[in-house]
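Taking it in order: structure first as structure tokens, then the write-up.
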Number of protein chains: 2
Amino acid sequence: MIKRKTVTKSLECKVRITAITDTMQVLSGKWKIHILGTLLQGGKMRFMDLLREIDGIAAKMLSKELQDLEMNQLVTRTVVDTKPITVEYEVTEYGKTMEPIIDEIANWGVFYRNRLHGKTE
Amino acid sequence: MIKRKTVTKSLECKVRITAITDTMQVLSGKWKIHILGTLLQGGKMRFMDLLREIDGIAAKMLSKELQDLEMNQLVTRTVVDTKPITVEYEVTEYGKTMEPIIDEIANWGVFYRNRLHGKTE
DNA sequence: TGCATTACTTACCAATTGGAAACTAGTTTC
DNA sequence: GAAACTAGTTTCCAATTGGTAAGTAATGCA
């Protein structure tokens with residue numbers, strides 16, 4: 001007799017796991033959520049704006065993460081022909097669909113801090 | 001004379017960044033969201049159930065990640081005195097507050113796949 | 001001429017992550 | 001007594017991540 005216990009491994013379950021893996025891959029690394037969050041709040045921002053705004057990030061990281069986000073069509077990169085050329089980054093409409101995730105994550109973090117300090121809501 | 005460039009660096013902004021960092025730390029690693037997601041769907045589950053259910057995870061990783069989740073009070077670990085002892089893992093009430101995040105992440109992943117296949121817009 | 005600013009890129013290095021495989025240990029079944 | 005199942009732990013190693021610092025290139029200002 002073969003014992004088959006959990007049959008929960010449904011198609012639905014696998015789809016969910018794939019979906020989560022996909023999202024986390026798009027948001028991989030220490031900085032993407034912060035960059036996206038900052039751009040969602042600030043609208044059009046230049047490279048140096050982001051570098052100053054996001055505490056602790058290095059130019060190399062910002063550059064690389066922006067490239068990743070651009071590749072995934074979450075942000076656009078526009079070179080502006082100013083005195084010294086500037087580059088504007090902006091979240092795409094598609095990128096804005098990430099907002100609910102980022103908001104939930106931020107909300108939970110606040111909730112978490114409150115709980116640590118003994119505050120019940 | 002003090003030069004002020006970006007003034008967007010408000011307290012609210014810093015709180016948000018801290019909140020996001022906190023959450024992502026609690027959910028750090030490749031597997032925690034999957035474990036949590038699986039436990040949220042399956043209720044009480046044993047170690048071996050999880051090992052079989054979560055495709056690709058190794059015992060070492062499952063063990064370590066479950067310890068992390070337990071430390072953060074997101075799951076409970078209960079030793080059951082069965083024939084060969086079994087250990088049951090379950091998401092705490094606190095852990096269930098992660099559900100909105102995980103759902104949003106899963107939803108976005110589905111949306112992402114749909115966009116890749118066809119819907120050019 | 002030399003320094004500053006913008007937006008990067010490159011090189012190097014250290015720490016962390018995570019995977020494979022083997023091993024522990026108690027109990028039950030053949 | 002051997003094999004198998006439970007729930008892990010341990011070791012060893014490779015890949016990835018991310019940080020520092022320096023370099024590049026174009027332009028403008030004193």
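Chain letters run A, B, ... following the sequence lines, proteins first and then strands; every chain starts at 1.
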Inset, instruction - Find the distance B/Leu27:CG to C/dT17:P and express it as a whole number of Å. - result: 14 Å

I'd like a table of atom pairs between the protein and nucleotides 14-16 of chain C - only N or O on both sides, under 3.5 Å - with the distance next to each one.
none

Inset, instruction - Starting at atom CD of B/Gln25, determine the distance to atom P of D/dG18, rounded to an integer number of angstrom. - result: 13 Å

Legend entry - Listed partners of A/Lys64 passing salt bridge (Lys or Arg N to Asp or Glu O under 4.0 Å), at least two apart: A/Asp68

Inset, instruction - Would you indicate what B/Gly56 reaches in the nucleic acid, counting non-hydrogen atoms under 4.0 angstrom: base, sugar-phosphate, or nothing? - result: nothing

Legend entry - Between D/dG18 (C1') and A/Asp55 (CG): distance, integer Å: 16 Å

Inset, instruction - Report yes if at least one side-chain N or O of B/Lys83 is closer than 4.0 Å to OP1 or OP2 of C/dG26; otherwise report no. - result: no

Legend entry - Distance-only donor-acceptor check, side chains A/Lys14 and A/Thr18, under 3.5 Å: no

Inset, instruction - Using five base pairs at each end, measure the axis-to-axis angle across the helix from C/dT1-D/dA30 to C/dC30-D/dG1 and round it to 10 degrees. - result: 20°

Legend entry - Protein-nucleotide distance (B/Leu50, atom CG; D/dT6, atom P), rounded to Å: 13 Å

Inset, instruction - Would you kindly give the CG-to-P distance between B/Leu51 and D/dG8, to the nearest whole Å? - result: 11 Å

Legend entry - Partners passing salt bridge (Lys or Arg N to Asp or Glu O under 4.0 Å) against A/Asp22 (at least two apart in sequence or in another chain): B/Arg113

Legend entry - Derivation of the side chain to side chain contact (heavy atoms under 4.5 Å, CB included) call for B/Tyr112 and A/Thr97: CA-CA 10 Å; B/Tyr112 169 79; A/Thr97 61; over 6 Å; no

Inset, instruction - Using atom types as modelled and distance alone, determine if a side-chain donor or acceptor of B/Ser28 lies under 3.5 Å from a backbone N or O of B/Met24. - result: no

Inset, instruction - Group every Ile, Leu, Val, Met, Phe, Trp and Tyr by side-chain heavy-atom contacts under 4.5 Å, then state whether B/Leu50 and B/Met71 land in the same group. - result: no

Legend entry - Verify same cluster id: A/Leu116, B/Val26 (apolar side-chain graph, 4.5 Å): yes

Legend entry - No-hydrogen, no-angle side-chain donor-acceptor test under 3.5 Å, B/Arg77 and B/Gln67: no

Inset, instruction - For each nucleotide in nucleotides 6-12 of chain C, reading 5' to 3', give B when a protein heavy atom comes within less than 4.0 Å of its base, S when such contact involves only the sugar-phosphate, and - otherwise. - result: SBBBBB-

Inset, instruction - Sequence neighbours left out, what pairs pass ring pair (Phe, Tyr, Trp, His ring centres under 6.0 Å) with at least one residue falling in residues 69-95 of chain A? - result: A/Tyr94-B/Trp108, A/Tyr94-B/Phe111

Legend entry - Rounded distance [0.5 Å steps], NE2 in B/His34 versus CG in B/Leu27: 11.0 Å

Inset, instruction - Show your working on side chain to side chain contact (heavy atoms under 4.5 Å, CB included) between B/Ile17 and A/Asp55 and close with a plain yes or no. - result: CA-CA 9 Å; B/Ile17 287 181; A/Asp55 215 47; 5.6 Å; no

